[in-house]
> 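This is the structure, below, for whatever I ask next.
Every chain is numbered from 1, with letters handed out A, B, ... down the list of sequences.
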Amino acid sequence: MGWLASVLYPVGRYLTPLPETGPTGPVNLTRGEIGKLEQDGFVIVPVVGKRVLVLEDSEGDIRALSARCTHEGCTVQYVADDSLIWCACHNAKFDLEGGVISGPPPKPLPRFYGERRDDGSVVINVVEQA
Amino acid sequence: MSNDTKSPLLSWLDERYQVSPLIEFLRHKEVPIGAHSMAWYFLGGATLFFFMVQIVTGVLLLMYYQPGEATSWESLRYIMTKVPFGWLVRSFHCWSAHLMIICLVAHMFSTMLLKAYRPPRELTWVTGYVLFAVALGFGFSGYLLPWNELSYFATVVGTDSVKSVPVVGNWLLEVMRGGPDVTINTLYRFFALHVIILPLACFALVGIHLLFIQRQGMAAPVGECHAPRGMKFFPSFAVRDLLLWLACLFLLVALSTVAPYGPNIPGMEWELGSKANPLAPAYPGIKPEWYFLWIYQLLKEFPPHLLGLEGPQLCLLLVSVLMGAWAAVPWMDRQARRNQPSPGFSDFGFAAILFISYLTLKAWDIGAVGNDVDAPASVASVARTCAWWELGLGGAIIAIRYTVYEHRWFLFSGAALLHAGLHGLAGIGYLAAGLVAMLPVVAGVVMIYRAQSRGEETAGA
Ligand code: FES
């Protein structure tokens, strides 16, 4: 038993991925990402191993939410015409607060902090909002 | 075999390795000929043939394929567009993978329906079952290797359900993906699984499976301890097996050249498409390989929450129970253990085919109307159209079983058809329809069990 544990433990630890590293505080979108945000109304950016959906709503406010659908993990997108977030995999719809409107996802999308500064830069922070 | 009739080579080998007993064993080995068709006995051999093609073409692909963020998709494109006959090697690899799974499924169901799992062959069934799981693992891990959009999202969806495993689900998901999300680290892990771990496991399991079959021989038909007639394994059966392998090779060549990118059926296509971009939104119509479609569709039938659990969790639980029951069939089928016909288990096998086929038909969106296949009108139309297909298929199977094989036990397959009818034609929700269809099954099984117990008591008295 002890022999088995002494083999399995290091193997288990070896296979367990290390936590993602990167800036834990607020991050600025790059110029390219801001260009895409302005062109498409949304952009998906990687932050500390998370896919984050950054969108500009009809009022011009910046919103940041997890881009990972809570159903089976597909990447969601912003549909500006209907003012909602859509997951194409199983046709789920979320409101801009992340709440589920329809479809199979069991939980809302986690929300993050996002803001456009006076200098035009866009900053997001992946510490989850209440 | 006397020494003077042996060829010099054989004598030479025999002196050193004592091969005579083995040759004697093979010389006397027979394949039972029963009331059923011999064709079923060849499915395992055909599966083995396609597996060997997998190994050969896999090694050839490895000569050029380079796993990596900037190389996986590119090296595969290079194989398909620049390397002479690279497209053919890949087409062979993909087609033989699908044909192997088709033969494996047919082999498994034939074993189930002919009750070849009954004692003393329970462990042959179990090793075959694990081999089937390994084959699915091959399909799943290989799907990601081209690193294209479809394979990326199919892997995202496919791996995500692992988190529903109680207690260790999230840890298992991270170990599988090499991180919280599907990234190139996932591809490295899947690559190791696909080209090293699973082939080694497969070699070992195929060896054990074949050893069991050689030791115990092929199962005789139910009710016959020793088959009335037998066919010599050498040369009669072996030559037939060889001819079948030749036919399989011709089929493979024909399919690979006529449709090098697959038959264009969802879940059975391998166009390279666009390179995976983890930061691009998913698009509609992402589906796994055809043999996972029934689970994919079942996941869609579950609501977000049910019985205090999340829908995917409950779905995974149901699939695990069904798979567990399938593995335990040799121990559950008590009549077959006594070498008596067990029509209930035969019908259970047919019901499993109907259950899986209805979900697969639905996953193919047969009968969809308009562009939005997830619109309520389209969903209802798909359920209805597939229910008609299912009733047609099920009706034909039952008619053949009734007239040709004189089967009289249709409780499970009847329930599977009732399920499809209630859902597709009467518009009842999939799960609710399933519950209603289960009621007559439960009542019927209880009545039969009671009648049997009474019969045994009377016989005992
Ligand atoms: S993964 Fe988003 S709805 Fe299924």
> Of the non-hydrogen atoms in Pro284(B) and Ala88(A), which two are nearest, and what is the gap between them?
N-CB, 3.5 Å

> Give me the atom names and distance for the closest heavy-atom approach of Pro304(B) to Gly103(A).
CG-O, 3.8 Å

> Considering only heavy atoms, which portion of Val100(A) lies under 4.5 Å from any heavy atom of chain B: side chain, backbone, both, or neither?
neither

> Closest heavy-atom contact between Cys74(A) and Val156(B)?
N-CG1, 3.9 Å

> Does atom CD1 of Ile196(B) have more than 12 heavy-atom neighbours, drawn from other residues, nucleotides or ligands, at distances under 6.0 Å?
no

> Just by distance, do the side chain of Glu72(A) and the backbone of Gly158(B) share a donor-acceptor pair under 3.5 Å?
no

> Pick from Thr183(B), Asp160(B), Val182(B): which one has the most heavy-atom pairs with chain A under 4.5 Å?
Asp160(B)

> To the nearest 0.5 Å, what is the distance between CE (Met176(B)) and CG (Leu15(A))?
12.5 Å

> Kindly state whether the ring of Phe302(B) and the ring of His71(A) have centres lying under 6.0 angstrom apart.
no

> How close do Pro46(A) and Leu279(B) get, heavy atom to heavy atom, and via which atoms?
CD-CD1, 3.5 Å

> Less than 4.5 Å to any heavy atom of chain A: does that hold for the side chain of Leu309(B), its backbone, both, or neither?
neither

> Verify, without hydrogens or angle tests, whether His90(A) (side chain) and Lys300(B) (backbone) share a donor-acceptor contact under 3.5 angstrom.
no

> Return each pair, listed once, that meets ring pair (Phe, Tyr, Trp, His ring centres under 6.0 Å) where at least one residue sits in residues 366-386 of chain B; pairs must be two or more places apart or across chains.
none

> When you look at CG of Asp118(A), are more than 12 heavy atoms from neighbouring residues, nucleotides or ligands closer to it than 6.0 Å?
no

> Quick one: does any side-chain atom of Arg68(A) pair with a main-chain N or O of Asp181(B) as donor and acceptor, under 3.5 Å?
no

> Determine the sole option in Leu53(A), Val76(A), Asp40(A), Ile44(A) for which the side-chain contact (heavy atoms from CB on, under 4.5 Å) test with Pro281(B) is passed.
Ile44(A)

> Check Ile286(B) against Cys89(A) and note the closest heavy-atom contact, atom names and distance.
CD1-SG, 4.2 Å

> Check each atom of Lys287(B) against the heavy atoms of chain A and say whether the ones under 4.5 Å are side chain, backbone, both or neither.
neither

> In chain order, what residues pass the side chain to side chain donor-acceptor pair (under 3.5 Å) check against Lys93(A), with sequence neighbours excluded?
none

> When only pairs under 4.5 Å are counted, which of Arg177(B), Lys163(B), Arg189(B) shares the most heavy-atom pairs with chain A?
Arg189(B)

> Measure distances from Phe42(A) to the heavy atoms of chain B and classify the residue's part below 4.5 Å as side chain, backbone, both or neither.
side chain

